[in-house]
Amino acid sequence: MTTTPEAPGSLIPTLPGLSYTDPEVFRREQERIFEALWCCAVRSAELDRPGAFRTVQIGRESVIVTRNRSGELRAFLNSCRHRGARLCTEEAGQLRRSLQCPYHAWTYDLDGRLVAAPNLVRMPDVDRSAYGLVPVALREWLGYTWVCLADEPPSFEETVIGAAVERLGDAASIDRYRTGELALGRRITYDVRANWKLIVENFMECYHCATIHPELTEVLPEFAEGYAAQYYVGHGAEFGEGIKGFTVDGSAGFARLPHVADAQDRRYYAITVKPTVFVNLVPDHVILHRMFPLAADRTVVECDWLYAPEVVVSGADVSGSVELFHRVNVQDFDACERTQPGMASRAYRDGGVLVPSEHHIGIFHAWVRERLAAGPAGLPSDPV
């Protein structure tokens with residue numbers, strides 16, 4: 001029988017292995033985290049006209065994000081109010097004037113109102129306003145559409161924008177990058193066979209950087225010492241001597257974004273917006289990760305590289321900066337996939353440990369425990 005010794009004071013325990021493998025734990029996370037908090041759904045500029053839509057998976061729900069006839073963003077549960085059929089099966093597309101269920105032709109306008117159905121005129125007692133699509137709360141920030149499935153969403157300012165303030169010290173420090181005005185230069189989607197929490201934990205620490213990130217530690221030498229950019233408030237890792245840009249070989253990138261402060265130049269900042277977003281800030285571009293947890297051992301990650309509009313319009317070669325963080329992503333996700341099987345090992349039954357430079361991950365673990373304990377009454381006891 002494997003026993004875990006009592007950890008010395010310099011180490012703190014992690015979540016147990018069950019937290020990363022048990023479908024019941026994942027179901028609770030879907031209910032109490034992903035379906036209860038703000039999640040980043042889609043880059044708003046991609047919905048460039050009325051009727052443009054994208055579907056995204058948030059917890060157990062499929063959500064449609066679209067624009068109405070006035071160009072305003074709207075979000076709805078992707079389920080017909082008649083018999084529950086999925087309205088949109090494509091990931092993205094263009095609607096004409098309405099959303100029509102392909103099963104029985106119940107039809108909704110782009111504000112979600114029921115406008116037509118076979119034989120509906122013969123049912124005068126049916127209140128059309130009562131059978132519209134179920135709306136989803138929506139906000140815009142950083143040029144992205146964020147949605148929340150909760151009946152009473154938590155404060156966006158406190159839980160989303162507040163994450164940037166907590167990390168950087170003030171909202172102005174992220175506002176200077178004008179992320180909402182940037183253009184998408186590249187997107188890469190990764191299908192990671194690992195639990196979403198392993199990906200968050202990996203992003204939050206740099207104890208692994210010297211081992212698996214040779215390109216990154218060349219650009220950001222302090223990462224080789226094991227201290228992550230999120231180690232304390234306001235800190236940004238400084239580019240190494242002779243490094244000209246945040247590129248795979250340290251060569252020059254593009255002109256500094258016009259509103260970035262002098263103190264932010266030649267520095268990298270990382271922000272975790274719980275539960276599923278990472279924001280990476282460098283002087284000439286922004287990298288944003290959106291996670292879509294699909295199972296206890298599977299997470300799809302969309303990574304966007306955002307540049308000044310003139311860089312993208314000019315057709316400039318962005319491959320140097322894209323390749324740097326693409327390699328970091330592949331290296332990180334390989335490590336997470338290597339770790340996932342170990343979560344089911346009896347050696348990890350009681351969890352592992354965090355070294356001092358990883359202790360801030362313990363705060364994340366406490367947050368997960370608190371979220372899972374705060375759900376509705378009547379559910380089985382929390383196994384984490």
Check salt bridge (Lys or Arg N to Asp or Glu O under 4.0 Å) between Arg97 and all other residues, then give those that pass, not counting sequence neighbours.
-> none
Residues forming a salt bridge (Lys or Arg N to Asp or Glu O under 4.0 Å) with Arg186, sequence neighbours excluded = none
Distance-only donor-acceptor check, side chains His289 and Asn329, under 3.5 Å | yes
Axial cation check for Tyr144 ring with Arg43, 6.0 Å and 45° limits = yes
Under the 3.5 angstrom rule, does the side chain of Glu158 hit a backbone N or O of Ser155 as a donor-acceptor pair?
-> no
Quick one: do the His213 and Glu218 side chains pair a donor with an acceptor below 3.5 Å?
-> no
Would you call the rings of Trp367 and Phe364 parallel, tilted or perpendicular, where under 30° means parallel and over 60° means perpendicular?
-> parallel
Check the angle between the aromatic planes of His82 and Trp106 and answer parallel, tilted or perpendicular using the 30° and 60° thresholds.
-> parallel
Write down the atom of Pro283, the atom of Arg267, and the distance for their closest heavy-atom approach.
-> CD-O, 3.6 Å
Verify, without hydrogens or angle tests, whether Asp109 (side chain) and Ser98 (backbone) share a donor-acceptor contact under 3.5 angstrom.
-> no
Under 3.5 Å, side chain of Thr299 to main-chain N/O of Ala194, donor-acceptor pair present?
-> yes
How about Phe292 and Trp196: are their ring centroids closer than 6.0 Å?
-> no
Trace of the salt bridge (charged side-chain N to carboxylate O under 4.0 Å, His left out) decision for Glu241 with Arg266 | CA-CA 10 Å; Glu241 185 177 351; Arg266 292 183 55 78; over 6 Å; no
Stepwise salt bridge (charged side-chain N to carboxylate O under 4.0 Å, His left out) check, Lys274 with Glu370 = CA-CA 13 Å; Lys274 297 188 294 286; Glu370 181 179 0; over 6 Å; no
Side chain to side chain contact (heavy atoms under 4.5 Å, CB included) assessment of Asn195 paired with Met343 = CA-CA 10 Å; Asn195 185 271; Met343 298 297 96; over 6 Å; no
So, the side chain of Gln264 versus the backbone of Ser173: is there a donor-acceptor pair under 3.5 Å, distance only?
-> yes
Same cluster or not: are Leu73 and Val134 linked, directly or through other Ile, Leu, Val, Met, Phe, Trp or Tyr residues, by side-chain heavy atoms under 4.5 angstrom apart?
-> yes
Does Thr159 have any side chain to side chain contact (heavy atoms under 4.5 Å, CB included) partners at least two apart in sequence or in another chain, and if so, which?
-> Trp38, Pro154
Hey, what's the ring geometry for Tyr307 with Phe254, parallel, tilted or perpendicular (30° and 60° as the breaks)?
-> perpendicular
Not counting sequence neighbours, list each pair that qualifies as a ring-ring contact (aromatic ring centres under 6.0 Å, His included) and has a residue in residues 163-191.
-> Tyr190-His326, Tyr190-Phe333
Please state whether the rings of Tyr20 and Tyr348 are parallel, tilted or perpendicular, taking 30° and 60° as the class boundaries.
-> perpendicular
Is there a donor-acceptor contact under 3.5 Å from the side chain of Lys197 to the main chain of Val368?
-> no
Thr247 side-chain N/O to Ser251 backbone N/O, donor-acceptor pair under 3.5 Å = yes
Any salt bridge between Glu29 and Arg371, counting N to O under 4.0 Å?
-> no
Does Thr107 use its side chain to pair, donor to acceptor, with the backbone of Ala105 at less than 3.5 Å?
-> yes
Quick one: do Asp304 and Arg290 make a salt bridge, cutoff under 4.0 Å?
-> yes
So, does Thr55 use its side chain to make a donor-acceptor pair with the main chain of Glu90 at under 3.5 Å?
-> yes
Would you sort out whether Arg193 and Asp297 count as a salt bridge (charged side-chain N to carboxylate O under 4.0 Å, His left out), showing the intermediate values?
-> CA-CA 5 Å; Arg193 296 290 175 173; Asp297 59 355; 5.6 Å; no
Charged N to carboxylate O below 4.0 Å: is that the case for Glu35 and Arg27?
-> no
Is a donor on one side and an acceptor on the other found under 3.5 Å between the side chain of Gln94 and the backbone of Pro50?
-> yes
Short question: side chain of Arg167, backbone of His235 - any donor-acceptor pair under 3.5 Å?
-> yes
Do Asn280 and Tyr269 have side-chain N/O donor and acceptor atoms under 3.5 Å apart?
-> no
For the hydrophobic clusters of this structure (ILVMFWY residues joined by side-chain heavy atoms under 4.5 Å, transitively), does one cluster hold both Leu257 and Leu288?
-> yes
Before giving the answer on side chain to side chain contact (heavy atoms under 4.5 Å, CB included), spell out for Phe34 and Arg60 the whole-Å C-alpha distance, their side-chain angles and the decisive distance to 0.1 Å.
-> CA-CA 9 Å; Phe34 314 130; Arg60 295 164 295 182; over 6 Å; no
Taking only residues two or more places apart in sequence, or in another chain, which ones meet Glu61 in a salt bridge (Lys or Arg N to Asp or Glu O under 4.0 Å)?
-> none
Within 6.0 Å of CZ in Arg338, more than 12 heavy atoms from elsewhere | no
Can you establish whether the number of heavy atoms outside Tyr131 located under 6.0 Å from its atom OH is more than 12?
-> no
Single-linkage hydrophobic cluster, 4.5 Å side-chain cutoff, Val65 and Ile58 together = yes
In chain order, what residues pass the salt bridge (Lys or Arg N to Asp or Glu O under 4.0 Å) check against Asp265, with sequence neighbours excluded?
-> Arg256
Just checking, any donor-acceptor pair under 3.5 angstrom between side chains of Ser62 and Gln57?
-> no
Counting only heavy atoms not in Asp48, do more than 12 fall under 6.0 Å of its CG?
-> yes
Going by an N to O cut-off under 4.0 Å, is there a salt bridge joining Glu323 and Arg327?
-> yes
Yes or no on side chain to side chain contact (heavy atoms under 4.5 Å, CB included) for Phe246 and Ser321, after CA distance, side-chain angles and deciding distance?
-> CA-CA 6 Å; Phe246 197 72; Ser321 52; 5.6 Å; no
Going by an N to O cut-off under 4.0 Å, is there a salt bridge joining Glu72 and Arg67?
-> no
